[in-house]
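One structure is given here, and the rest of the page talks about it.
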Amino acid sequence: MSENVVSLHKNPPTDPNPVTTLTVVPDPVPTKPVPLWVRSGRVIRAAATHDTTRTTARTVARHGLYVAGGARIVAKRAWDGRTAARYERYMRTAEAAGNFEAAAEWEERGQRFRDARHRRRMDLLHSPLDAAKGAAVTTGMGIGGLVLIGVAMAMATKDATEVVTPLMAVIKFINLMVTIVQVVWGPAVSLAPFLALLALWAVGSKQQAAPAWALPDRVRNGEGEPITPSIVVKALRDLGVPALRNAIKDMGDAGASMLSPIVIAGCGVEVDVTLPSGVSTIEVQGRRRKLAENLSRHEHEVFITIPQAARTVRLWVADSGALDEPIGPSPLVTDDTLTADYAKGKAPWGQDLRGDAAGLSLYQRHLLITGLSNQGKTVALRSLALWLSLDKSVQFLMGDLKGVGDWAMFDGLAQVLIQGPTDEHVIQVTEMVEGAVEEMNRRIQAPPGTVFPPLIVLVDEAQVAFMCPAKDEDKRPYGGAKANSRYFMAVRKIHNQGRAVNVLMWQGTQDPTNENLPKLVREGAHTRASLALGTESQARMALGDKAVDGGAAPNLLRPGLDRGTLVVASDGITIPAGQSSITVRTHYVNDDDATAITDRAKALRDGVTTLTLIERGEERDPLADIAAVIADAPRLRTQDVIKRLSALDGDAYGEWSPGDLTRVLDGTGAEPYKSDGRMVVGRDQITRALAHRDTEDSASGA
């Protein structure tokens, strides 16, 4: 009988019609006990699928397969050593590559090997008899010699028994050797198989001679996998170029003859690959990402360049993760005794991919550095200026059209320093560059043989100037790339003639396009460098077609991750033979270190008064401005004072004449006077006049 539970439920007492309901609760279904074999199976399955179990099984299988793989490798080596198989492979490889001369040479070498092997085998037929004869002769001579020694000993000691003493000594020694062999032979025979297995395991372990599933995770994933000839050939074979794949298949050595020796190059390795007939270098260059993945590397860790040799590509493959490690500090920071030489020295800019120091010569070379925003362009450009500032003969005119203080440490070092992003700042920078053009023309007209100090005209964020819409009173635009553009034409004039008189144009700009970096300006730079860019077309604008066709690819650098890494095309830096560019990882010099370097540079100079941007229309103090512009000289000609005042504020002083200067200084005690037949203004007199005026103003205010 079913033992159901019957429960009575009544409505709440507030219900006027209470009703009693019956609820039948079924019996719980009895649970059957799980059989022991099921529980054991679950435990076994869980244990078999556990990570520790699988790792242990893979480890055991791997080391066992190392022995089998090592035996296969040793057997192949022995076969190659005893037969002409290697010569056959080399001959087929040369034939596949179309090098029939080399094929004939390998065939001849193989025939010489067979002839020598035949002679050795024929010699073996006569060797037992020759060996027996030699042993008999040697034994007889040995015994005779021992007897003679014994006779001599007997005559010396007058004891006839000494005749056999040397012979007995040899017999005892032989007996001792036999005893030692008897003792050692048993353990040696027992250990020999284990030693042989250990040797085979060592060979297989070194060559990773096991299936991929049995290898450690690190090796199976390719992390840190060393670059070997077989890996390079396999990567090329799987590149997706049918002609290359078929040529490698036909080569007897599986393509190894295509490779030069793999050499260590900095934080990676380098190898030249001679491509077989029918395969162009462009086909390999265009598959850089796939080649990198075949080599178990990221795309940015493989660089493909074209050396001088025909039908050859040069691969540089970084150690896994090595390019993400920072390089050391700049010598400008670590060596406070470092100086610069504009004409003969090289700026310590960073390191190339080989890890060698990369120095850049700045002598009579216009400079252009491009790249996306926030990739280290300003720091790379500033590092060059910091080094050159340690040559006290170098003068600077600087315009920073970003205006966030990246160049503030050059205040007191540069003759002009304009900082700001507005159209007004562009106007000031344009006038600064035009002033450099006037200085260039003055130098050109100087007597032949005159030596001029270097004048560096530096504009950072130059794209702001090229894209400025402002126009002057004559409706001439400051920006743009037309013949009436003031900034564009001033830069072009310096590019055309400035190098001969040491007036050089340095520019840093973002995102090179025809709109913000005109073609004529790009091509006027002797040194062109680029950080990470977005497209190949931008890379061609930044570096030129020749560099990009030769393998330069700043568009493949990783924005943000490869900050400070740039591709340089210049004859001022050492570039490997046959290449058109070089990749440099620049040193990072922070603002504090840059300030310390400029402090050292200022100590080399007598003092420089830096002219900065003055807003137009501002109320001027002529006496204070005169004191500012002559602060670096004990006296200055009146014409030079007017010129400096005009550069300080063209609106206020652009139309001044010597009479205006005399009018301002009349009655101050600092009037112009004659020195060596020329009218000059004295710094000390101006300083006293300014101090006297300030004292009077204070007294009157009190």
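E515 and T513 share a side-chain donor-acceptor pair at under 3.5 Å. For the residue pair D684/T687, the side-chain donor-acceptor check at 3.5 Å is not satisfied. Between the side chains of N502 and Y342, a donor-acceptor pair is found at a separation under 3.5 Å. With 3.5 Å as the limit, one finds a donor-acceptor pair spanning the side chains of D625 and Y653. In this structure, a donor-acceptor pair under 3.5 Å is absent between the side chains of N555 and Q538.
Between R663 and D660 there is a salt bridge, since at least one side-chain N of the basic residue sits less than 4.0 Å from a carboxylate O of the acidic one. Under the 4.0 Å criterion applied to side-chain N and carboxylate O atoms, D336 and R600 are not assigned as salt-bridge partners.
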Worked check of salt bridge (charged side-chain N to carboxylate O under 4.0 Å, His left out) between R382 and D591: CA-CA 10 Å; R382 190 176 66 182; D591 292 347; 2.8 Å; yes

Dump the intermediate steps for side chain to side chain contact (heavy atoms under 4.5 Å, CB included) on W387 and I597, then the final yes or no. CA-CA 8 Å; W387 176 79; I597 295 168; over 6 Å; no

Run K344 and D341 through salt bridge (charged side-chain N to carboxylate O under 4.0 Å, His left out) and show every step you take. CA-CA 6 Å; K344 300 179 181 178; D341 187 339; 5.7 Å; no

Would E536 and R540 count as a salt bridge (charged side-chain N to carboxylate O under 4.0 Å, His left out) here? Give the steps. CA-CA 6 Å; E536 182 180 329; R540 291 184 180 275; 3.0 Å; yes

With side chain to side chain contact (heavy atoms under 4.5 Å, CB included) as the test, would you mind laying out the steps for I494 and V437 before giving the verdict? CA-CA 6 Å; I494 294 178; V437 173; 3.8 Å; yes

Decide side chain to side chain contact (heavy atoms under 4.5 Å, CB included) for W506 and L388; before the verdict, give the C-alpha distance in whole Å, the side-chain angles of both, and the deciding distance to 0.1 Å. CA-CA 13 Å; W506 291 9; L388 201 55; 3.8 Å; yes

Between I573 and I575, does the side chain to side chain contact (heavy atoms under 4.5 Å, CB included) criterion hold? Intermediate values first, please. CA-CA 6 Å; I573 192 170; I575 297 178; 3.9 Å; yes

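For N590, the CG atom is densely surrounded, since the number of other residues' heavy atoms within 6.0 Å is greater than 12. Other residues, nucleotides and ligands contribute more than 12 heavy atoms inside 6.0 Å of the NZ atom of K346. Surrounding NZ of K602 are more than 12 heavy atoms belonging to other residues, nucleotides or ligands, all under 6.0 Å away. For H298, the NE2 atom is loosely surrounded, since the number of other residues' heavy atoms within 6.0 Å does not exceed 12. At most 12 non-hydrogen atoms from other residues, nucleotides or ligands lie less than 6.0 angstrom from CD of E438. Atom CZ of R476 sits in a crowded spot, with more than 12 heavy atoms from other residues, nucleotides or ligands closer than 6.0 Å.
Using a 4.5 Å heavy-atom threshold, the side chains of L557 and L531 count as separate. At a threshold of 4.5 Å between non-hydrogen side-chain atoms, the residues L455 and L504 do not count as touching. In this structure the side chain of S580 never reaches within 4.5 angstrom of the side chain of I306, judged on heavy atoms. Under the 4.5 Å side-chain criterion, counting only non-hydrogen atoms from C-beta, N374 is in contact with R563. Side chains of H526 and L368 form no contact here, defined as non-hydrogen atoms less than 4.5 Å apart. With a 4.5 Å cut-off on side-chain heavy atoms, E431 and R486 count as touching. Side-chain atoms of L636 and I630, non-hydrogen and from C-beta on, do get closer than 4.5 Å to each other. Residues H587 and I327 meet the side-chain proximity criterion, which asks for heavy atoms closer than 4.5 Å.
Formation of a donor-acceptor pair under 3.5 Å by the R528 side chain with backbone atoms of M541 is found in this model. Side-chain N or O atoms of S570 include none that pairs as donor or acceptor with a backbone N or O of T527 at under 3.5 Å. Here the side chain of Q463 pairs a donor or acceptor atom with the backbone of Q510 at under 3.5 angstrom. Under a 3.5 Å cut-off, the side chain of N496 and the backbone N or O of R492 do form a donor-acceptor pair. Listed for the T662 side chain is a donor-acceptor partner under 3.5 Å among the backbone atoms of P658. Judged by distance alone, the side chain of R522 and the main-chain N or O of A542 form no donor-acceptor pair under 3.5 Å. A donor-acceptor pair is defined here as one N or O able to donate and one able to accept, closer than 3.5 Å; such a pair exists between the side chain of T450 and the backbone of P447. Counting only distance, with no hydrogens or angles, the side chain of H425 and the backbone of L401 share no donor-acceptor pair below 3.5 Å. Using modelled atom types, one side-chain atom of Q375 and one backbone atom of G560 make a donor-acceptor pair closer than 3.5 Å. No donor-acceptor pair under 3.5 Å is formed between the side chain of S646 and the backbone N or O of K643.
A cation-pi arrangement is found for R288 relative to F303, the charged atom lying closer than 6.0 Å to the ring centre and inside a 45° cone about the ring normal.
Considering only residues two or more places apart in sequence or on other chains, D562 meets the salt bridge (charged side-chain N to carboxylate O under 4.0 Å, His left out) condition with R558. A search for salt bridge (charged side-chain N to carboxylate O under 4.0 Å, His left out) contacts involving K402 returns D406, E461, not counting sequence neighbours. Listed by chain and residue number, K377 satisfy the salt bridge (charged side-chain N to carboxylate O under 4.0 Å, His left out) test with D460 (two or more places apart in sequence, or in another chain).
Taken from CG in D411 to OG1 in T610, the straight-line distance is 4.5 Å, to the nearest 0.5 Å. Between T370 atom OG1 and L543 atom CG the span is 6.5 Å, to the nearest 0.5 Å. Taken to the nearest 0.5 Å, the OG atom of S361 stands 8.0 Å off from the CG atom of D571. The line from CG of L332 to CG of L384 is 9.5 Å long, rounded to the nearest 0.5 Å. Taking OG1 of T509 as the reference point, atom CD1 of I369 lies at 11.5 Å (rounded to 0.5 Å). Atoms CD and CD, from Q415 and E439 in turn, are 8.5 Å apart once rounded to the nearest 0.5 Å.
Note: Y487 and F466 have perpendicular aromatic rings, judged against thresholds of 30 and 60 degrees for the angle between ring planes. Using cut-offs of 30° and 60° on the angle between ring planes, the pair F410 and W407 is tilted.
Heavy-atom minimum distance, V681 versus P672: CG2-CG, 4.2 Å. Contact detail for W349 and A380: the closest heavy-atom pair is NE1-O, 3.0 Å. Closest approach of P622 to V664, counting heavy atoms only: CB-CG1, 3.8 Å. Residues R683 and A631 come closest through the heavy atom pair NH1-O, 3.1 Å.
When the options M505, Q364, M440, R365 are evaluated for a side-chain contact (heavy atoms from CB on, under 4.5 Å) with R499, the one that passes is Q364.
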